[in-house]
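Chain A is the first sequence line, chain B the second, and so forth, proteins listed ahead of strands; every chain is numbered from 1.
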Number of protein chains: 4
Amino acid sequence: MTGPNWEPRRLTAVKAELPEGVTPPGTRGRILHAALLLFAERGFHGTSIRDLARVTEINSATLYAHYAAKEDILAELIALGHVELYNGMLTALSTAGPSARDRLVALVRAQVHMHADYPLLAVVANNEMHALSPQKAAPALSLREQARQLLYGVLRDGVAAGEFAIGDQVLAGIALGSIGIRVANWFGPDQPYTRDQVADTFAEYALRIVCALPIKESS
Amino acid sequence: MTGPNWEPRRLTAVKAELPEGVTPPGTRGRILHAALLLFAERGFHGTSIRDLARVTEINSATLYAHYAAKEDILAELIALGHVELYNGMLTALSTAGPSARDRLVALVRAQVHMHADYPLLAVVANNEMHALSPQKAAPALSLREQARQLLYGVLRDGVAAGEFAIGDQVLAGIALGSIGIRVANWFGPDQPYTRDQVADTFAEYALRIVCALPIKESS
Amino acid sequence: MTGPNWEPRRLTAVKAELPEGVTPPGTRGRILHAALLLFAERGFHGTSIRDLARVTEINSATLYAHYAAKEDILAELIALGHVELYNGMLTALSTAGPSARDRLVALVRAQVHMHADYPLLAVVANNEMHALSPQKAAPALSLREQARQLLYGVLRDGVAAGEFAIGDQVLAGIALGSIGIRVANWFGPDQPYTRDQVADTFAEYALRIVCALPIKESS
Amino acid sequence: MTGPNWEPRRLTAVKAELPEGVTPPGTRGRILHAALLLFAERGFHGTSIRDLARVTEINSATLYAHYAAKEDILAELIALGHVELYNGMLTALSTAGPSARDRLVALVRAQVHMHADYPLLAVVANNEMHALSPQKAAPALSLREQARQLLYGVLRDGVAAGEFAIGDQVLAGIALGSIGIRVANWFGPDQPYTRDQVADTFAEYALRIVCALPIKESS
DNA sequence: TATGAATGAGGCTTCATTCAT
DNA sequence: GATGAATGAAGCCTCATTCAT
């Protein structure tokens with residue numbers, strides 16, 4: 001895996017690869033950053049410890065002064081990604097209006113924002129989970145489930161309150177999640193949209209999917 | 001990569017892994033089948049030539065009597081997947097009514113069917129492209145682009161004919177594609193839906209996204 | 001060993017690679033011919049059974065209908081080369097004058113001719129002997145020793161007859177042999193000499209080395 | 001290539017295999033030493049990386065901490081051999097008398113000495129060049145050409161000065177070189193000659209070949 | 001004769017990891 | 001912290017050879 005990779009999974013040119021405040025200081029942070037780039041581009045098994053060391057500009061043995069194993073770097077990234085998404089959703093809900101409609105919009109926008117702001121992190125978190133042992137994957141899987149419950153809670157409330165008209169809440173939730181999760185695979189600075197334009201548009205689609213009546217000032 | 005994989009990417013229990021009529025006869029077909037299972041579960045770089053040989057129940061050297069390189073097995077799978085999707089979309093269009101609405105429904109249903117019927121193939125085709133050299137990836141990328149054009153052609157026609165009301169056709173197309181592509185990641189025999197129920201529901205969502213007026217008896 | 005070899009040991013463009021009448025008929029002969037080219041260029045261990053098959057334009061398994069093992073092809077070539085040299089020397093002696101001087105000239109010329117006419121064969125016979133098992137090498141080694149004795153016999157006679165003035169017959173024999181054996185490494189159609197010009201010149205050198213008085217009509 | 005080799009190319013029992021001062025320290029030097037022995041005996045393609053590791057008494061992976069590829073070990077040996085020969089010739093010339101005769105003797109003696117002192121190195125440098133890529137072979141080929149020019153310069157001068165009487169300088173140079181280069185193939189501690197006896201004798205032959213008048217007390 | 005498929009052994013090289021310095 | 005050297009295992013692939021057809 002020394003050579004260049006062929007078809008980039010993700011545009012490497014994204015401004016901020018990791019959320020603010022979560023990057024470890026010093027060498028450990030640079031390792032994590034290199035792993036983010038490489039795991040997103042080539043996958044965990046397509047990236048060697050020496051690839052990581054080369055990008056980080058350290059000796060490969062030095063990696064082990066910061067991480068016990070290659071797997072632990074991936075685990076940290078995947079945890080980071082899931083935390084970021086879940087926290088973003090929580091924050092969005094906390095400032096959203098009380099209606100199911102407002103909360104749904106907040107959740108969709110939060111998901112879009114996370115995937116548009118940290119696409120590499122999202123790609124790694126979504127595609128490389130299978131390379132983690134069950135123990136190392138557990139925290140992320142738990143957050144993933146909690147995030148899912150946030151969405152389904154809103155759907156349930158919206159249906160109960162008569163705000164939404166959907167036959168199958170499970171399929172609706174899947175469709176909504178699918179739209180958001182794929183943002184990481186296509187959005188980038190080369191696109192003629194801002195993150196908010198995408199978020200607004202996809203929130204609108206979400207409302208249509210759940211048949212929320214476009215009362216007045218929908219985005 | 002001898003041990004079991006941790007977090008399954010895909011439920012292995014799917015009935016028909018490869019489309020009818022495309023599996024090569026004999027050992028070559030068995031190799032392709034093993035590769036489909038393993039690449040879907042562990043990824044290309046997470047699957048060794050010996051893993052493939054073990055599952056195929058042949059000597060690893062025998063692989064090279066049928067494929068020139070490990071990469072070629074992946075290339076064949078990815079080509080197969082893209083052909084299947086594109087042909088499915090073409091067939092669907094050929095039997096659909098002339099309205100943009102009917103054609104959109106046909107395309108969405110075709111995409112759902114392909115991803116529901118051959119989830120392993122879809123996962124490999126979507127997630128492992130980066131492991132192919134540009135040359136080997138080219139045919140599939142070409143088909144992918146052609147399939148995209150089918151969808152955008154329908155969207156364009158629908159907007160022009162006043163059947164659809166969407167502000168941004170590109171974002172609409174992405175959203176529609178996202179819903180369909182993710183089917184491969186969650187649908188399976190363990191789900192309480194038939195493929196047609198999913199196809200119908202997602203076609204309905206598609207119509208809502210493009211604001212097609214629910215004229216009469218839409219699904 | 002599929003790729004091209006780098007620095008050709010020998011110009012491949014030599015007219016007749018194998019002595020007349022010794023090439024086996026049919027496929028066996030074509031295999032032998034291919035082995036001659038490839039063993040000379042890349043060495044025995046640098047040439048694979050499939051390289052041989054490719055050049056011969058047969059399936060590699062077909063080789064075993066003609067030779068029991070790769071080593072046997074080499075053994076045949078090496079035997080051929082040694083027979084050719086030894087026979088050439090015998091024939092030369094049989095038509096040479098009775099003097100040691102004449103016989104020395106005949107031997108040197110014969111050695112030059114063989115190495116100039118069949119350089120590939122000579123290179124293989126000289127450089128690849130180490131790849132043969134002792135049993136398979138024995139016939140050639142025996143001929144080599146007999147050829148050596150022909151030369152040393154002439155040297156001995158010349159010294160005894162007062163025709164030659166050399167301190168150490170062994171070193172003189174080695175020097176004479178060295179000049180001849182290296183012909184295979186440099187002579188070719190690209191050289192501005194005929195085989196006879198080289199033979200004449202080197203025969204002259206030989207006479208000088210053994211201090212044969214240039215009586216009258218030396219070349 | 002695990003078993004013993006059949007017909008030894010070279011007697012392994014030579015005292016000093018590599019010139020003083022050029023062996024790298026530590027493991028790298030031991031690898032180089034092992035490669036010298038094995039490449040001389042079995043050839044580059046007849047020696048496996050595991051053979052090298054076994055003789056060096058290291059793990060085969062450790063080789064790659066010291067050399068990037070098997071080919072690089074050969075390249076270093078071949079470079080070393082050509083440097084040694086060329087330097088020996090330069091040194092010999094620098095201490096030789098000004099006459100062409102003295103300089104020719106110096107060159108021949110230097111060539112004999114190098115091939116007698118480091119026969120393994122000479123065998124590798126002469127016989128295994130074909131296994132190097134053009135790039136890796138270039139430095140040695142350049143030195144080889146420079147060494148050739150040293151000899152032809154002396155021949156030219158000797159002819160111009162009337163010291164030598166040779167019809168064709170090219171053939172004379174080839175003959176002289178042939179005698180020296182073959183020393184590596186037969187000289188060894190089992191021979192009843194010292195290196196200087198061989199050098200003196202072959203220098204004498206050289207003078208005869210170029211028809212240098214044996215003025216006074218030539219060796 | 002000829003071949004496609006098969007195989008056990010081994011080719012060169014890289015893997016993730018450890019350890020003495 | 002950092003590193004060069006070391007290692008056992010494994011990476012992909014080719015080896016010479018066999019065999020049923």
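Across the protein-nucleic acid pair, Y67(A) atom OH and dA2(F) atom P stand 13 Å apart, rounded to whole Å. The distance between atom CD1 of I49(A) and atom P of dG11(F), rounded to the nearest whole Å, is 17 Å. The NE2-P distance, from H45(C) to dA16(F), rounds to 10 Å in whole Å. Between L38(A) atom CG and dA16(E) atom P there is a gap of 12 Å when expressed in whole angstrom units. The nearest whole Å value for the distance from the CD atom in E71(B) to the P atom in dG11(F) is 18 Å. With rounding to whole Å, R54(C) atom CZ is found 10 Å from dT14(F) atom P. Between the P atom of dG11(E) and the CG atom of D51(C) lies a distance of 17 Å, rounded to the nearest Å. Rounded to an integer number of Å, the gap from I31(D) CD1 to dG4(F) P is 16 Å.
Here Y64(D) does not reach the OP1 or OP2 of dT14(E): none of its side-chain N or O atoms lies under 4.0 Å away. At the phosphate of dG11(E), OP1 or OP2 sits under 4.0 Å from a side-chain N or O atom of S48(D). Residue R50(D) has a polar side-chain atom (N or O) positioned under 4.0 Å from OP1 or OP2 of dG11(E).
Of all the heavy atoms in I78(B) and A140(B), the pair that sits closest is CG2-CB, 3.6 Å. The shortest non-hydrogen separation linking A34(D) to V55(D) is CB-CG1, 3.5 Å.
For the side chain to side chain contact (heavy atoms under 4.5 Å, CB included) test, residues two or more places apart in sequence or in another chain that qualify with A35(B) are F39(B), L52(B), I73(B), L77(B). The side chain to side chain contact (heavy atoms under 4.5 Å, CB included) search around S60(A) returns I49(A), R50(A), A53(A), not counting sequence neighbours. When the side chain to side chain contact (heavy atoms under 4.5 Å, CB included) test is applied to N59(A), the partners found at least two apart in sequence or on another chain are A61(A), T62(A). Under the rule for a side chain to side chain contact (heavy atoms under 4.5 Å, CB included), A79(A) has no partner lying at least two apart in sequence or in another chain.
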Distance-only donor-acceptor hits, side chain of residues 20-27 of chain B, under 3.5 Å, sequence neighbours excluded:
none

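A salt bridge (charged side-chain N to carboxylate O under 4.0 Å, His left out) check over residues 22-38 of chain D, counting only residues at least two apart or in different chains, returns the pairs R28(D)-E76(D). Annotation: salt bridge (charged side-chain N to carboxylate O under 4.0 Å, His left out) contacts involving residues 58-68 of chain C, sequence neighbours excluded, are absent.
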Please list each protein N or O that sits under 3.5 Å from an N or O in nucleotides 1-3 of chain E, with the distance.
residue, atom, partner, partner atom, Å
dA2(E), OP1, T27(C), OG1, 3.4
dA2(E), OP2, T27(C), OG1, 3.3
dA2(E), OP2, H66(C), NE2, 2.8
dT3(E), OP2, N59(C), N, 3.0
dT3(E), OP2, T62(C), OG1, 2.8

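With the 3.5 Å cutoff on both pairing distances, Watson-Crick and G-U pairs in DNA chain F assemble into runs of at least 3 at E:2-21 with F:2-21.
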